[in-house]
There are 2 protein chains.
Amino acid sequence: MASTEFTKRLLTYRLSLLHLKKMGLKDVYSHLISEETGFSAALIRKDFSRIAIQGKRRGGYTIDGILDTIDNYFGDKNINEVVLVGMGNIGKAIARYKDFEKQNICIFAAFDIDPVKQRKKFSIPVYSMDKCPGIISERKIDTGIIAVPALSAQSVCDQLIQYGIKGILNFAPVNLKVPGHIFVSNLSICDELRRVIYHARENPYESK
Amino acid sequence: MASTEFTKRLLTYRLSLLHLKKMGLKDVYSHLISEETGFSAALIRKDFSRIAIQGKRRGGYTIDGILDTIDNYFGDKNINEVVLVGMGNIGKAIARYKDFEKQNICIFAAFDIDPVKQRKKFSIPVYSMDKCPGIISERKIDTGIIAVPALSAQSVCDQLIQYGIKGILNFAPVNLKVPGHIFVSNLSICDELRRVIYHARENPYESK
DNA sequence: TAGATTGTTAATCGATTAACAATC
DNA sequence: TAGATTGTTAATCGATTAACAATC
């Protein structure tokens, strides 16, 4: 239903509102958020009305009200447990990432085929892959992060889906093949950097 | 000119084609790439014709031809030097990332305010920030990666732009404010994960 | 009240798709 | 040749914007 562009915008609004709140503001007008985020005021109002964020005809929106609704929309009021597969460079960085907690996301467990990594001390337990199905079903986990090498990404993906995972954040440079009801987001840092390099040069006087 | 969606698709095609090539294929039809990537055959043909990738009316496209054109389009025939600011979790992961080299991207230098990190051994030299303007102008670097904490991200961003950077890959959870001719890509791992969690639950029978 | 902002409807725009002539 | 695929034009669709009535 909700397009991925829509959810992206919501999180962009959220970030700007947190910033404005830190600056001491309590209320905002759509055109102020527009200035901060680059999206048009009309689009912002439309997005807000879509998730029942209401303003006052003359007084704008209250920042806390918007933040609350957005956080609710994303289910941040409960703890969201996810699993992480692959403890290489990226996996380790994610395991050490602190922002998750603030947003009620918890990397419940990590998995790696390398026993050495399993023995190392992270704040998150690292198991071998055979512990994965048990943990996923026991904790009813529905989201996984794939941070394994390209070669094993599809196979890990297939396994996760078999174990009941419904959403995947994939860092491996592979177009994962998944059934239609599985949501995948591919986050290739390398490709993203190539795009930045390209657009930096191509866009002499044009923004995003 | 080229929308960011367009460049995203090109890199998606590329990934699938590399995969198909590894499987032993030499030629492809638009509908095969469609199957692999999920984009329609018509859109693929239109994208290809836009960057002058030509096929044979009956025989499809040659994989090597497409790959060559795409790599050329992104300037992969030359080495692309970029700078990295911030050697925390993410910065370190990026510094250790090996895929860049394959695609002719080189993290020429990294910067961090912490002298301890500057002394540690990475394959990339780590300097204090005051070395930044010199290196950027000397190597004519136009792209930078920001991997510093949220609080300092805008200030680092302003500095990079002042030094001549035109494109920024930003990992900090901040909506950077930049002049119109600067290209910014925000890659918030945490927000991306939240979106995956959301869409995994929302999308019972619907894909991307 | 006058002025400004929301919330929503209608208009616009651009991107994607459908369709098909060209052609190998 | 018959059949299949490209390349491109016209049609469609959906997302964004413009506009404005409602209202504080």
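For clarity, every value in this text was computed on a predicted model and none was experimentally measured.
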Seminar exercise, completed: Of Gly59(A) and Ala42(A), the one whose nearest nucleotide on DNA chain C sits closer to the 5' end is Gly59(A)
For this session: For Leu43(B) and for Gly55(A), locate the closest nucleotide of DNA chain C by heavy-atom distance; then report the residue assigned to the nucleotide nearer the 5' terminus.
Result: Gly55(A)
For this session: Mind checking Gln54(A) for me? I need base, sugar-phosphate or nothing, with any heavy atom below 4.0 Å counting as a touch.
Result: sugar-phosphate
Exercise. If you look at every strand shown and take non-hydrogen atoms under 4.0 Å, does Tyr61(A) touch a base, only sugar-phosphate, or nothing?
Worked result: sugar-phosphate
Which residues share a salt bridge (Lys or Arg N to Asp or Glu O under 4.0 Å) with [X], sequence neighbours left out:
X         : value
Glu138(B) : none
Asp68(B)  : Lys77(B)
Asp112(A) : none
Asp47(B)  : Arg9(B)

Exercise. Less than 4.0 Å between a side-chain N and a carboxylate O, is that true for Arg14(B) and Asp76(B)?
Worked result: no
Let me know the distance between [atom1] of [X] and [atom2] of [N], rounded to the nearest Å.
X        : N       : atom1 : atom2 : result
Lys8(B)  : dA15(C) : NZ    : C1'   : 15 Å
Ile44(A) : dT17(D) : CD1   : C1'   : 13 Å
Glu5(A)  : dA15(C) : CD    : C1'   : 13 Å
Ile51(A) : dG7(C)  : CD1   : P     : 12 Å
Phe48(A) : dG7(C)  : CZ    : C1'   : 13 Å
Asp47(A) : dG7(C)  : CG    : P     : 13 Å
Ile66(B) : dG7(D)  : CD1   : P     : 10 Å

Output one line per pair: protein atom, nucleotide atom from nucleotides 21-24 of chain C, and distance, for all N/O pairs under 3.5 Å.
from    : atom 1 : to       : atom 2 : distance (Å)
dA22(C) : N3     : Arg57(B) : NH1    : 2.9

Is any side-chain N or O of [X] closer than 4.0 Å to OP1 or OP2 of [N]?
X        : N       : answer
Ser40(A) : dT16(D) : no
Arg9(A)  : dT16(D) : yes
Ser49(A) : dG7(C)  : no

How close do [X] and [Y] get, counting heavy atoms only, and between which atoms?
X         : Y         : result
Lys117(A) : Phe122(A) : O-CE1, 3.9 Å
Ile79(B)  : Cys106(B) : CG2-CB, 4.1 Å
Leu11(A)  : Arg195(B) : CD1-CG, 3.4 Å

Problem set entry | Within residues 67-93 of chain A or reaching into it, pairs that qualify as ring-ring contact (aromatic ring centres under 6.0 Å, His included) - sequence neighbours excluded | Tyr73(A)-Tyr198(B), Phe74(A)-Tyr198(B)
Problem set entry | ring-ring contact (aromatic ring centres under 6.0 Å, His included) partners for Phe48(A), two or more places apart | Tyr13(A), Tyr61(A)
Quiz: residues 15-33 of chain A side-chain donor-acceptor pairs under 3.5 angstrom, not counting sequence neighbours:
from     : atom 1 : to        : atom 2 : distance (Å)
Ser16(A) : OG     : Asn175(B) : OD1    : 2.7
Lys21(A) : NZ     : Asp64(A)  : OD1    : 2.8
Ser30(A) : OG     : Arg45(A)  : NH1    : 3.1

Problem set entry | From dG7(D), dT17(D), dC20(D), nucleotide with atom closest to Arg45(A) side chain | dC20(D)
Problem set entry | Side-chain touch Ile63(A)/Leu67(A), heavy atoms, less than 4.5 angstrom | yes
Problem set entry | Interface residues of residues 25-36 of chain A with DNA chain C (non-hydrogen, below 4.0 angstrom) | Tyr29(A), Ser30(A), His31(A)
For this session: Report the C-alpha separation of Ile168(A) and Ile161(A) in whole Å, then their side-chain angles, then the decisive distance to 0.1 Å, and conclude whether the side chain to side chain contact (heavy atoms under 4.5 Å, CB included) test is met.
Result: CA-CA 9 Å; Ile168(A) 291 170; Ile161(A) 292 171; 4.2 Å; yes
Polar pairs (N or O, both sides) under 3.5 Å between protein and nucleotides 9-14 of chain D?
none

For this session: Output, in order, the C-alpha distance, side-chain angles, deciding distance and verdict of side chain to side chain donor-acceptor pair (under 3.5 Å) for Asn170(B) and Asn186(B).
Result: CA-CA 5 Å; Asn170(B) 173 42; Asn186(B) 291 297; 2.8 Å; yes
For this session: Enumerate, in order of first residue number, the stems that involve DNA chain C, defined as 3 or more consecutive Watson-Crick or G-U wobble pairs with both distances under 3.5 Å.
Result: C:3-24 with D:3-24
Could you pull out all donor-acceptor pairs under 3.5 Å where a side-chain atom in residues 82-102 of chain A meets a protein atom, sequence neighbours excluded?
from     : atom 1 : to        : atom 2 : distance (Å)
Asn89(A) : ND2    : Arg96(B)  : O      : 3.1
Asp99(A) : OD1    : Lys102(A) : NZ     : 3.3

